[in-house]
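Counting convention: from 1, in listed order, for ligands and their atoms alike.
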Amino acid sequence: MSDAPRWSPEGYVRALHLAARWHHEQKVPGQDLPYLVHVVSVCAELLPAVTAEPVPRPDVAVQGALLHDILEDTALTFDALVTEMGPEVAHVVAALSKNPDLPKAERMPDSLRRILAQPPEAAMIKLADRITNLAPPPAFWSRDKRVAYREEAQLILRALGHASPLLAARLTERIDEYAAYL
Ligand code: NI
């Protein structure tokens, strides 16, 4: 019995359908791939940690990963997300969404503060998101932008790394590898 998944496949599929419906024709930036590839990749980074580490609510972690960009990037409202997936997932996703009303420089620190006020699943998703995004940068990114992106990843690691030793180690590796693109 201990081999049973710690998260519900039905909940995974429900979140995946919702993400597919709302991200719809959105593409991975700079690539001709459906945006769904990004959210499933983030979930793939998260699953080993959800399996190996004591995560209080694995379903919130998995479903939150699949839906982490849905409020920031689509027209789905917070209230509709509560109705579809429940308040725990919706609050985690809201914390992961940057506030567009703030000046750009304040958006990440503000989101990190709101993530820290949530259960640890929110921090784990943010770590998995940045691990996924520290891929080879698009050719049009300036050196300054690449340096800033790597520094922001270090900020995320310092602020949230405590939530998951496994994801923190993986993000550390990715930050080191990203030095090759500077
Ligand atoms: Ni993302």
Side-chain angles (χ1 to χ4, degrees), residues 7 12 14-50 55 59-78 81 84-85 88-100 102 104 106-116 118-138 141 145-146 148-157 159-161 163-164 166-168 170-175 177-178 181:
W7 43 276
Y12 181 109
R14 214 150 41 84
L16 182 61
H17 276 241
L18 190 65
R21 204 173 335 131
W22 284 91
H23 286 292
H24 190 50
E25 290 186 341
Q26 189 183 352
K27 302 280 189 192
V28 177
Q31 295 183 53
D32 190 25
L33 289 172
Y35 198 74
L36 215 54
V37 169
H38 169 67
V39 298
V40 172
S41 300
V42 171
C43 198
E45 286 292 345
L46 192 78
L47 284 176
V50 168
V55 178
D59 280 321
V60 172
V62 168
Q63 293 165 23
L66 292 168
L67 297 167
H68 75 273
D69 281 328
I70 206 161
L71 293 178
E72 195 170 294
D73 290 351
T74 85
L76 183 72
T77 64
F78 176 80
L81 185 56
E84 294 272 1
M85 303 302 298
E88 287 183 313
V89 171
H91 281 289
V92 163
V93 172
L96 291 159
S97 306
K98 290 189 212 85
N99 179 353
L102 292 176
K104 262 201 160 170
E106 289 172 29
R107 289 179 195 172
M108 179 63 74
D110 166 69
S111 178
L112 290 177
R113 274 193 298 277
R114 288 183 288 113
I115 288 168
L116 284 166
Q118 285 292 313
E121 291 84 0
M124 293 175 73
I125 295 166
K126 187 68 194 178
L127 293 168
D129 187 37
R130 190 47 64 105
I131 292 165
T132 303
N133 286 340
L134 278 179
W141 277 24
K145 173 143 176 137
R146 285 174 271 142
Y149 200 67
R150 186 167 180 264
E151 281 172 0
E152 197 179 65
Q154 286 164 329
L155 171 72
I156 292 168
L157 178 63
L160 309 178
S164 166
L166 201 142
L167 291 168
R170 184 119 172 93
L171 182 54
T172 303
E173 235 175 72
R174 281 291 178 110
I175 289 170
E177 287 166 10
Y178 202 80
Y181 303 116

Which heavy atom in [X] sits nearest to a heavy atom in [Y], and how many Å separate them?
| X | Y | result |
| --- | --- | --- |
| Tyr181 | Pro137 | CG-CD, 3.4 Å |
| Ala19 | Val39 | CB-CG2, 4.5 Å |
| Arg107 | Leu102 | NE-O, 3.0 Å |

### Task
Only counting residues at least two apart or in another chain, list the ones meeting side chain to side chain donor-acceptor pair (under 3.5 Å) with Asp59.
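Side chain to side chain donor-acceptor pair (under 3.5 Å) check on Asp59 returns nothing, list empty.
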
#### Entry: Under 2.8 Å from the Ni ion (ligand 1), the protein N, O or S atoms, given as residue and atom
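Sorted hits: His38 NE2, His68 NE2, Asp69 OD2, Asp129 OD1.
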
### Message
Does any part of the side chain of Glu45, heavy atoms only, come nearer than 4.5 Å to the side chain of Arg130, both counted from C-beta?
### Response
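No, their side chains stay 4.5 Å or more apart.
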
### Query
So does Lys98 pair up with Asp110, basic N to acidic O under 4.0 Å?
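No salt bridge links Lys98 with Asp110.
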
